[in-house]
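Just so you know, ligand 1 is whichever comes first in the structure, and atom 1 is the first atom listed for that ligand. Start at 1 with the first residue, then count along the sequence.
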Amino acid sequence: MALVNIHFLNLRNNYLFADIAKKVNAFRVMHPKADVISLGVGDVTQPLCPAVVEAMHKAVDEMATAEGFHGYGPEQGYEFLREAIVKNDYQPRGVRLSIDEIFVNDGAKSDTGNFQELLHWDDYIGVTDPVYPVYIDSNAMIGRCGTFRDGQWSNVRLLPTTAENGFVPELPKGRPVDVIYLCYPNNPTGTVIGKNELRRWVNYALKNDALILYDAAYQAYIQDADIPHSIYEIRGARKCAVEFRSFSKTAGFTGVRCGYTVVPREVSVSTFEGERISLNQLWLRRQSTKFNGTSYISQRAAEAVYSPEGKRQVQATIDYYMDNARRMLSALRGLGFECYGGENAPYIWMRTPDAPGPDGTMAPTPSWTFFEQLLYGAHVVCTPGAGFGPSGEGYVRFTAFGSHERTDEALRRITVWVRK
Ligand SMILES: *Cc1c(COP(=O)(O)O)cnc(C)c1O
């Protein structure tokens, strides 16, 4: 009898984007003529840059010839790409990596979800709250999260990040966490972590023999010079951290698919007997068994991101989105909303306005209530913060990935709606 992996049945159904779509559809049925603008989804909108498109065309033409054909590539990715990554993403920031510490993949979601396979099923997980749901769900699928009761997994430590702590989690007191997921610049809050704060987490990991899984998918959006782009800018991180990066938000590769994971040679975890096991070797073993590489065409496309034209063009698109973020921050703050993020990331995390609760006292409008008010009042879609975790309640997320025209129009409508 084939039995099911019951952990899949214990997953909390994350209906966030399905729920949003349902509510938007219900609105559309009632208001078929309304033009709804979405500032909700976390996908890019601007086309691939010319340098990338040219590299892809060239790679396809190569594949059409006997001499230029490429079948299965090297497990860790082509050297041309890993060399470009080391040379452009790390060397200029004083981080020395060798190409056998880079693992090219088909996007960061796969590896942020898969990397936990290398860890003991009972390791205690720490995640920030609100959170990118992949970190929790991928652990829940193998049973590492324990049981879900009273809105909380028994083996997951939620580390609240709110305006009160500057969106950087406090070090956990009591039982230490074994594995910590950190994402900076953060999705969904759009906030960043400074070097001193990141150093506190690296030191925590070194002291407690914990592993940090660092998601830097949005590092290309950092504008302030003193914000770290990589966790390896912190001394000691090579011993305790794995870093995930992606071309998705950097260069519009959400449909092309390419990213990479850095697993330094020194990072290791322990057996019960105390033997140290290199995660670099283990991840190589895992990848060569379960993953057959990213397409040659995608890897040539990614390489082109590092050419002089590629760098300029990719930067222009990032500037375009960050221009949206500036317009949004300025308009929303001008209306009196309390906004975070949006300065080093393409997301704005906005506190919902206070409203009288059932007992008459003022409290932040629940995020789903505000979502509906905004949809019906301004025909603009945001993402309710509660969908990202309990500490997301009282906030909504806006993305800066739209066009200037649609973003401006959304802001105009929000202004009219608020002033009514
Ligand atoms: C978009 C995103 C990624 C990148 O996903 P890909 O699979 O590379 O497209 C990774 N982490 C976070 C938090 C993201 O928002």
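Taking the centre of each ring, Tyr347 and Tyr218 come in below the 6.0 Å mark.
Contact annotation: for Phe244 versus ligand 1, there are no heavy atoms closer than 4.0 Å.
The ligand atoms of ligand 1 that sit less than 4.0 angstrom from a heavy atom of Ser248 are 6 (P), 8 (O), 9 (O). Shown in contact with Lys109 at under 4.0 Å from a heavy atom are these atoms of ligand 1, numbered in order with element: 5 (O), 6 (P), 7 (O). Ligand-side atoms of ligand 1 in range of Ala108: 4 (C), 6 (P), 7 (O), 8 (O), 10 (C), range being under 4.0 angstrom from any heavy atom. Near Ala217, the atoms of ligand 1 lying under 4.0 angstrom from a non-hydrogen atom of the residue are 3 (C), 10 (C), 11 (N).
With respect to Glu170 and Arg157, no salt bridge is recorded, no charged nitrogen being found less than 4.0 Å from a carboxylate O.
The shortest N or O to N or O distance between Tyr218 and ligand 1 is below 3.5 Å. At under 3.5 Å, not a single nitrogen or oxygen of Tyr347, backbone or side chain, sits near a nitrogen or oxygen of ligand 1. Checked by distance only, ligand 1 and Ser110 stay at 3.5 Å or farther apart across all their nitrogen or oxygen atoms. For a threshold of 3.5 Å applied to N or O pairs, the pair formed by Arg257 and ligand 1 contains at least one separation below that value.
Taking a 4.0 Å cut-off on heavy atoms, Cys183 registers as neighbouring ligand 1.
Under 3.5 Å, the side chains of Lys249 and Asn187 contain no donor-acceptor pair of N or O atoms. Side-chain polar atoms of Asp319 and Tyr221 form no donor-acceptor pair below 3.5 angstrom. No side-chain donor-acceptor contact under 3.5 Å links Asn280 and Ser278.
Ring pair Tyr135/Tyr132 is perpendicular by interplanar angle, where above 60° counts as perpendicular and below 30° as parallel. Using cut-offs of 30° and 60° for the angle between ring planes, the Phe247 and Phe253 rings count as tilted.
Screening residues 219-248 for salt bridge (charged side-chain N to carboxylate O under 4.0 Å, His left out), with sequence neighbours left out, gives Asp89-Arg245, Arg93-Glu233, Glu101-Arg238, Lys195-Glu233, Arg238-Glu266, Glu243-Arg245.
Heavy-atom proximity to atom 10 (C) of ligand 1, evaluated over Asn187, Val256, Asp215, is greatest for Asp215.
If you check which protein heavy atom lies closest to atom 1 (C) of ligand 1, you get Lys249 NZ, 1.2 Å.
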